[in-house]
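The next block holds one structure in the form of structure tokens; read it before the comments.
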Amino acid sequence: MRNNAKHFSVVSVLILVSTVLLYPMLAGNIPFTEIVLPWSFFERPVAASKEAYMLEPMFLANFALIAFLFSIIVVPMLYIVSVFRRQPGDETDAPHIHGNTAIEIIWTVVPIVTVIIFAIWNWNLYFDLVSADEGVQERTVYVQGYKWDWMFYYPDLGVYSPDLYVAQDQPIHLAMQSRDVIHSFWVPEFRVKQDVMPYDQANAEIDFGKLYLEQTYNAQYFTDKGYMFNELRFTPVFVPDSLDASHTAANPKPRAYRVRCAEICGTSHWAMYATVFVLSPADYALVTEANQDNKGNIIIIPEEVEAKLTDIRANLYAEDGQP
Amino acid sequence: MRKIFVNLYYIIFRSALVWGLVGQVITGLTTYYGLITLRSYLGYEVYATGSAYDEPSGVLASLVSVIGFLLFAGVLTDWLGWCIGRDNPLHHGAPAGQPEWTRYINVDVNHKVIGIQYGIASILILLLGGLMAIIFRLELAAPGLQLFPGNEDVFNTLFSSHGIIMIVAIFSGVGAMTNYLGPMMIGATDMAFPRLNSFSYWISVPAASLLLVGLYVGGWDTGWVGYPTHSTTTRLLGVQMFLLGFYINGFSSIASGMNMVVTTAYMRAKGMSLFRMPIFVWAALSAAFLQATVTQTVGVALMMVIVQRTLGLAFFNPILPAELAARGIPPGDPMLYQHLFWFYSHPAVYVWVLPGLGVISELLPVFSRKPLFGYKWIALSSIGIALVGMLVWAHHMFTAGMPAAWKAPFMVSTLFVAIPTGVKFFSWIATLWEGKLVFPTPMLFVLGSISVFLLGGLSGPILGSLTTDLHLHDTYFVVGHFHATIFGGFIFPFFAAIYYWYPKITGRMYNEALGKLHFWLMVPGFWVMSLLQMRVGMLGMRRRIANYDPALGIEVEQALITFATLIIGWSVLIMIYNLIASMSQERESGTNPWGSRSPEWQTPSPIPEFNYNTPIEIVGEPYDYGIEGAKYVVTKTSGD
């Protein structure tokens with residue numbers, strides 16, 4: 001019995017050490033400090049939306065849980081495998097221990113409590129993520145997915161665009177619909193994803209963007225008509241760049257991220273990309289201005305904005321030739 | 001030389017397998033061309049899809065061909081005999097006048113023969129599915145399209161069929177373990193319904209051949225989930241064969257599940273109360289209960305897609321033709337399919353994993369010479385996983401567009417799966433604690449299983465959490481999680497079981513050195529593969545893509561994943577060589593080489609036709625290692 005207590009305390013210390021070492025390796029930060037490690041196993045893409053920042057604590061909590069639970073199983077296993085071996089020539093059995101009710105109740109109840117806490121936290125966070133912030137003017141953009149590309153429609157300007165142009169810090173509300181099969185709108189840097197279902201009841205061939213042109217912008221009209229949309233909200237934010245001092249939160253350079261279809265939709269599913277350009281509010285105002293009298297056409301990007309985007313476009317398309 | 005010809009004669013002319021396949025081809029082709037002739041005679045448009053195959057005729061012909069297989073193979077002979085009042089007693093042993101080994105390629109009712117048939121089928125199909133994985137992993141080893149430039153449909157077909165073919169293989173493996181071990185462990189002479197048992201095995205053969213025909217007629221690019229509206233509109237006709245093969249395989253599941261539940265209920269030896277059964281039986285029972293109760297819903301979903309494609313009933317089609325919409329006909333809903341599909345397909349994972357976890361719980365006490373810690377709690381946790389597992393299906397649809405409020409209960413039930421699973425982990429560690437451990441190959445695989453299943457288990461909550469799933473859904477993180485769960489919960493325990501019961505099945509010992517080589521290649525290989533899959537998924541790698549964006553910066557990881565896949569493939573070949581070569585070795589294993597207390601080890605190896613030469617009686621607890629003279633199984637002798 002005395003031996004057992006010794007084993008038990010050694011293993012407990014080892015579990016603690018393992019958890020403390022494992023967590024930074026998984027998550028890439030050291031808790032209670034500002035230190036960020038240059039490499040971590042579960043690296044995330046750069047956080048480019050408010051939602052990505054909101055989700056970060058949940059990811060870190062999950063990594064902490066993984067580090068602890070991994071240690072609590074693997075450390076005793078390695079210890080047992082190296083200590084409790086049968087000695088050569090020993091043919092007897094091990095001690096007869098068939099169970100311990102107190103321990104069994106503990107390792108059932110403690111996980112139940114943990115699970116309930118996690119569920120409540122998740123549920124609150126989820127509602128914060130998906131609901132619109134009160135008192136903030138959202139910008140709605142309609143999205144249509146089809147094999148194998150995306151089309152965006154700005155109801156306030158009445159213009160179409162093959163890529164999504166948004167302003168930094170402006171909350172975006174996407175109302176999405178598919179023309180054929182299920183697609184899924186995902187920008188890894190924004191951390192949020194939403195499937196795009198084919199809901200159009202009237203006609204597969206209908207170009208729903210054209211319908212908005214003839215109506216004043218009124219989502220209720222389409223809901224009444226039986227149109228349904230899959231909704232997604234995000235707010236693009238400033239992404240710092242340690243190598244570029246001229247890129248500041250007040251005067252940011254444009255950033256580009258790829259929309260990646262995440263639901264198998266046939267032959268060229270892998271290449272179903274679009275690009276999200278996050279512009280500074282000033283640049284976005286220029287785009288809005290240039291498209292004031294452009295209803296029903298493809299979006300016009302003014303010269304001075306396009307000049308900033310040329311390099312980004314070249315980089316995006318260079319490596320695999322896919323826009 | 002003459003012996004080879006005689007054996008070939010038995011295989012080609014006298015085996016149910018070859019007869020069945022010939023029958024399937026004959027009935028299938030006859031029906032197909034008969035229907036085409038009839039349809040063109042009646043003025044219908046044949047080959048309407050512009051393809052070389054006529055889809056409606058193909059579907060009906062496939063269904064008929066399955067019946068053709070069963071008739072020609074003789075699976076239905078006894079039952080048809082009953083219809084005309086013929087008395088058909090159960091036939092035991094090889095077919096009249098044939099050598100003993102031909103039992104394994106003929107319709108046989110003995111549960112051990114059927115178990116071996118399942119086992120061999122499982123390994124062969126695993127190899128096929130693994131080969132497909134290796135091919136598409138080679139494509140993904142580097143960015144750019146190397147193997148299938150301009151022909152991504154082949155890639156899409158490969159990963160889709162990898163999924164469903166592996167599922168058929170795993171169900172076969174579950175059938176192998178349940179059939180071979182279940183009746184032995186409860187002291188029964190056979191399953192409760194031997195003919196139905198044989199039907200369960202043989203119906204999965206034409207199901208598998210339909211899937212292979214599906215590859216031939218164009219493949220399918222829907223993934224193994226086959227979501228409408230993609231599966232209802234894809235022009236690749238293999239999707240019909242995939243749906244039918246999946247559907248037919250469901251009969252195998254339902255029948256074998258029912259059989260196992262009834263066998264456990266009615267066929268236990270004297271004294272074998274439920275809490276005295278070897279723990280594997282509890283796991284197999286939970287899995288069988290699931291198989292018999294949830295498989296039907298996926299059958300409904302698949303058949304609805306088949307009917308929608310063939311007859312045009314728009315169950316899942318949200319986009320109606322204008323003339324129908326004008327008449328006020330309501331549209332279908334693609335989400336309905338996802339609910340029906342996952343109501344089965346999530347618990348299906350537990351059907352595979354529960355028997356595997358049962359093997360872990362069964363083997364640990366033997367190799368640590370200690371009782372299983374918390375037997376009753378582990379037994380009930382299997383039932384708990386099965387029951388909770390039936391209520392979690394919509395967590396596969398967190399991003400699909402359900403109303404937000406629907407998601408909360410599914411998140412809670414999903415996270416609750418962690419509790420019975422955690423009970424199992426803690427009990428395993430407590431079983432090992434202070435044991436006297438030995439490490440032959442089966443024990444190594446059990447420890448490997450625990451470590452790999454742990455990876456799967458720990459990557460579960462982050463996916464079950466509603467918020468983090470918004471990022472991780474449909475990424476390679478899910479692929480990593482899923483493979484860790486299935487390898488740790490089924491593949492590694494299955495291999496452990498093969499090594500562990502190999503002496504009982506053959507009376508010979510496998511080669512220990514090759515077994516250890518297999519372990520030391522496969523488990524580290526799998527760790528590398530699965531962990532890197534999770535890493536690239538977190539970084540933005542999507543599932544089911546033929547080419548990945550080099551801007552993600554995951555080229556090293558992708559190459560390593562492919563390399564690890566190749567290692568895993570080679571290591572499995574080593575196991576197969578070991579199993580075949582050891583059969584002809586002179587290493588007699590003896591009756592009970594591991595010193596187990598379980599009933600099946602108390603009977604001679606190889607096992608007699610009816611398992612126990614004299615009936616057994618249970619007089620104690622199954623895992624009383626460490627108590628001098630504690631009895632579990634006693635053999636009744638005449639006069640007692």
Side-chain angles (χ1 to χ4, degrees), chain A residues 41-45 55 58-59 62 66 69-70 73 76 80 84-86 90 93-99 104 107-108 111-112 115 118-119 122-123 125-126 129-130 181-182 184 188 191-195 197-204 230 260 262-270 319-320, chain B residues 152-153 221 223 227 229-230 234 318-319 322 325 331 334 368-371 373-374 377 399-401 404 408 411-412 415-416 418-419 422-423 425-426 429 432-438 454 458 461-462 465-468 470-471 473-474 535 538-540 542 544-547 550-551 625-627:
Chain A
F41 190 79
F42 284 134
E43 264 173 281
R44 277 85 65 212
L55 275 169
M58 184 58 87
F59 273 108
N62 267 295
I66 290 173
L69 291 175
F70 184 85
I73 301 292
I80 288 165
F84 298 119
R85 309 176 80 104
R86 181 194 284 182
D90 181 3
D93 283 350
H96 181 265
I97 307 163
H98 63 82
E104 286 168 43
W107 70 41
T108 312
I112 290 180
V115 157
F118 251 77
N122 259 296
W123 187 233
L125 179 59
Y126 180 74
L129 279 174
V130 296
V181 303
I182 303 174
S184 189
R191 304 275 196 286
V192 282
K193 184 184 285 119
Q194 175 59 53
D195 287 7
M197 306 287 271
Y199 276 131
D200 188 351
Q201 293 187 3
N203 195 325
N230 294 109
R260 300 158 195 274
E263 184 67 62
I264 174 71
C265 53
T267 312
S268 297
H269 161 58
W270 69 272
E319 280 167 306
D320 56 7
Chain B
E152 297 103 314
D153 280 342
D221 59 349
Y227 281 177
T229 52
H230 184 41
T234 180
I319 302 165
S368 46
R369 313 309 301 167
K370 263 189 76 205
F373 193 94
W377 219 232
T399 66
M411 172 177 65
V412 174
L415 294 178
F416 262 88
I419 288 144
V423 165
F425 274 111
F426 295 132
I429 295 300
L432 290 167
W433 188 258
E434 282 195 291
K436 295 186 175 177
L437 274 62
V438 284
L454 183 68
L458 293 182
I462 200 168
S465 297
L466 201 41
T467 51
T468 39
L470 293 181
H471 178 57
H473 185 80
D474 268 333
R535 175 174 157 81
M538 191 67 89
L539 280 167
R542 299 164 287 157
R544 297 174 178 146
I545 50 173
N547 187 8
Y625 295 99
I627 296 183

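Convention: sequence-line order gives letters A, B, ...; per-chain numbering from 1. Computed over heavy atoms, backbone and side chain alike; hydrogens, waters and symmetry mates excluded.
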Most contact-rich option vs chain A, by heavy-atom pairs under 4.5 angstrom, among B/P461, B/G435, B/G223, B/A546, is B/G435

- Looking at side-chain heavy atoms only, is the closest gap between B/K370 and A/I97 below 4.5 Å? yes

CG (B/L454) and CG (A/L69) are apart, to the nearest 0.5 Å, by 8.0 Å

Measure the shortest side-chain to side-chain distance between B/V412 and A/W123 over non-hydrogen atoms and say whether it is less than 4.5 angstrom. no

For this session: Please check if the side chain of A/K193 supplies one atom and the backbone of B/H473 the other of a donor-acceptor pair under 3.5 Å.
Result: yes

* To do: Could you check B/F426 against A/I73 for side-chain contact (heavy atoms from CB on, under 4.5 Å), going step by step and ending with a plain yes or no?
  => CA-CA 8 Å; B/F426 295 132; A/I73 301 292; 4.0 Å; yes

d(B/L432 CG, A/I80 CD1) to nearest 0.5 Å is 5.0 Å

So CD1 of A/I66 and CG of B/L458: to nearest 0.5 Å the spacing works out to 6.0 Å

Closest non-hydrogen atoms of A/D93 and B/K436, given as atom of the first, atom of the second and distance, are O-NZ, 3.5 Å

| message | Please check: side-chain N/O of A/R191 versus main-chain N/O of B/H471, any donor-acceptor pairing under 3.5 Å? | response | no

Looking only at A/F42, A/F41, A/F118, most heavy-atom pairs under 4.5 Å shared with chain B are made by A/F41

Cut-off 4.5 Å, heavy atoms of chain A, and the answer for B/F373 is both

Nearest heavy-atom approach of B/T229 to A/I182 is OG1-N, 4.2 Å

ask   = Do B/I545 and A/H269 come close enough that some side-chain heavy atom pair is under 4.5 Å?
value = yes

Between the CZ atom in A/F84 and the OG atom in B/S368, the distance rounded to the nearest 0.5 Å is 11.0 Å

Correct closest heavy-atom pair for A/P95 and B/E434 would be CD-O, 3.6 Å

So CG of A/L125 and OG1 of B/T468: to nearest 0.5 Å the spacing works out to 9.0 Å

Given side chains that start at C-beta, do those of B/M411 and A/Y126 come closer than 4.5 Å, heavy atoms only? no

Comparing B/A404, B/P334, B/G422 against chain A, the one with the most heavy-atom pairs below 4.5 Å turns out to be B/A404

Flag side-chain contact, heavy atom, 4.5 Å: B/I462 against A/F59: yes

Answer key: most heavy-atom pairs under 4.5 Å with chain B among A/A94, A/S184, A/G99 is A/A94

For this session: Determine, step by step, whether A/E43 and B/R535 satisfy the side-chain contact (heavy atoms from CB on, under 4.5 Å) criterion, reporting the C-alpha distance in whole Å, the side-chain angles of both residues, the deciding distance to 0.1 Å, and the verdict.
Result: CA-CA 7 Å; A/E43 264 173 281; B/R535 175 174 157 81; 2.9 Å; yes

* To do: Please say whether more than 12 non-hydrogen atoms of neighbouring residues, nucleotides or ligands are located less than 6.0 Å from CH2 in B/W377.
  => no

Between A/N230 and B/A400, the two heavy atoms sitting closest are ND2-O, 4.0 Å

For B/G540 and A/R260 the tightest heavy-atom approach is O-CD, 4.3 Å

When you compare the side chain of B/D221 with that of A/I264, does any pair of heavy atoms fall below 4.5 Å? no

Comparing B/V438, B/I627, B/D153, B/L466 against chain A, the one with the most heavy-atom pairs below 4.5 Å turns out to be B/L466

(message) Is there a side-chain contact between A/C265 and B/H230 in this structure, where contact means two heavy atoms from C-beta onward sitting under 4.5 Å apart?
(response) no

The interface call for A/L129 against chain B, heavy-atom contacts under 4.5 Å, is side chain

Taken in chain and number order and not counting sequence neighbours, the residues that satisfy side-chain contact (heavy atoms from CB on, under 4.5 Å) with A/V115 are B/L415, B/F416, B/I419

Bottom line for B/T234: the part with an atom under 4.5 Å from chain A's heavy atoms is neither

